[in-house]
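The structure appears below as structure tokens.
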Amino acid sequence: MRQKIVAGNWKMNKTLEEAQSLTSEIMGMVADEVKGAVKVVLCVPFPYLVTIKNQLGSSATIFVGAQNASQHDSGAYTGEVSVSMIKSIDVPFIIIGHSERRQYFGEDSKLLALKVDKVLAAGLTPIFCCGEPLEIRENGTHESLVKQQVEESLFHLSPEELKKTVIAYEPVWAIGTGKTASSQQAEDMHAVIRKHLASKYGNEVAQSISILYGGSVKSDNAKELFSQPNVDGGLVGGASLKSREFVEIVKSI
Ligand code: PGA
């Protein structure tokens, strides 16, 4: 059985007070029935990590995550946050390679491979994002682009390292647009990714990797998406900012 994960990516939203309210609402609503069946990860802005981590206490269901980390260990990199800093505050998950990082901050596959290495070396879990822009989907080369993204940033890992990695497929055209990939489009790409992992690492390793779908996941499409055999959960942006909506998505797993 693969680990089911629903991660909320809060991006650059919320004041501290709002973040604390949202967290306590989510904590109050994540019902007993989902406990154990799914890991919920709240990927909050850096300044709130410690506070939200403390607020969650020793929850075995809800965890905190970071949205990015530097490829450097330490030093004169003004404004950056290192993996060891994130580790030192006991935050177990870090999103790596979100399409907004690729698009607005010029992060490429080579850099993301370095970041993934740092996260794994620290014993933390990277949530590695991949996904094609609209023009690539339209010209029909989306499968080869996503395979290439996975290959360039993950294929240098040992099987043991890969097993500790979570992958999120997020078609760029579906992020924040309200235009979700159909459950069939998601399933098809997840199967392509898993098959590609199997070609390098073998079926057993490939079958053990959680692959999340992201891109306009909502309470009214989550069940259908999560019911696909190769979809192991979601990475949720906009809908993770509303407690009721997010918890409905969690319950859809
Ligand atoms: P969205 O964002 O759910 O708002 O489309 C998903 C993401 O960017 O992770």
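Remember, it's 1-based here, ligands and their atoms both numbered in the order they're listed. All values below were derived from every heavy atom in this structure, side-chain atoms included, with hydrogens, water molecules and symmetry-related copies excluded.
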- Sorted by first residue and then second, give each salt bridge (charged side-chain N to carboxylate O under 4.0 Å, His left out) pair with at least one member in residues 181-201; sequence neighbours left out. Arg194-Asp232
- What salt bridge (charged side-chain N to carboxylate O under 4.0 Å, His left out) pairs are there with at least one residue in residues 68-97, not counting sequence neighbours? Asp73-Lys118
Report every pair formed by an N or O atom of ligand 1 and a protein N or O atom separated by less than 3.5 Å, giving atom names and the distance to 0.1 Å.
from	atom 1	to	atom 2	distance (Å)
ligand 1	2 (O)	Lys11	NZ	3.4
ligand 1	3 (O)	Ser216	N	3.4
ligand 1	3 (O)	Gly237	N	2.8
ligand 1	4 (O)	Gly238	N	2.8
ligand 1	5 (O)	Gly176	N	2.6
ligand 1	5 (O)	Ser216	N	2.7
ligand 1	8 (O)	Lys11	NZ	2.7
ligand 1	8 (O)	His98	NE2	2.6
ligand 1	9 (O)	His98	NE2	3.2
ligand 1	9 (O)	Glu170	OE1	3.3
ligand 1	9 (O)	Glu170	OE2	2.7

Enumerate donor-acceptor pairs with a distance under 3.5 Å from any side-chain N or O in residues 122-137 to protein atoms, sequence neighbours excluded.
from	atom 1	to	atom 2	distance (Å)
Glu132	OE1	Tyr169	OH	2.8
Glu132	OE2	Arg137	NE	2.9
Glu132	OE2	Arg137	NH2	3.2
Glu132	OE2	Tyr169	OH	3.0
Glu132	OE2	Trp173	NE1	2.8
Arg137	NH1	His142	NE2	3.3
Arg137	NH2	Tyr169	OH	3.1

- Query: So how far is it from Lys39 NZ to Phe63 CZ, rounded to the nearest 0.5 Å?
  - Reply: 5.0 Å
- Message: Rounded at 0.5 Å granularity, tell me how far CD1 in Ile86 sits from NZ in Lys53.
- Response: 13.0 Å
- Val236 reachable from Ile95 in the ILVMFWY side-chain graph, under 4.5 Å edges: no
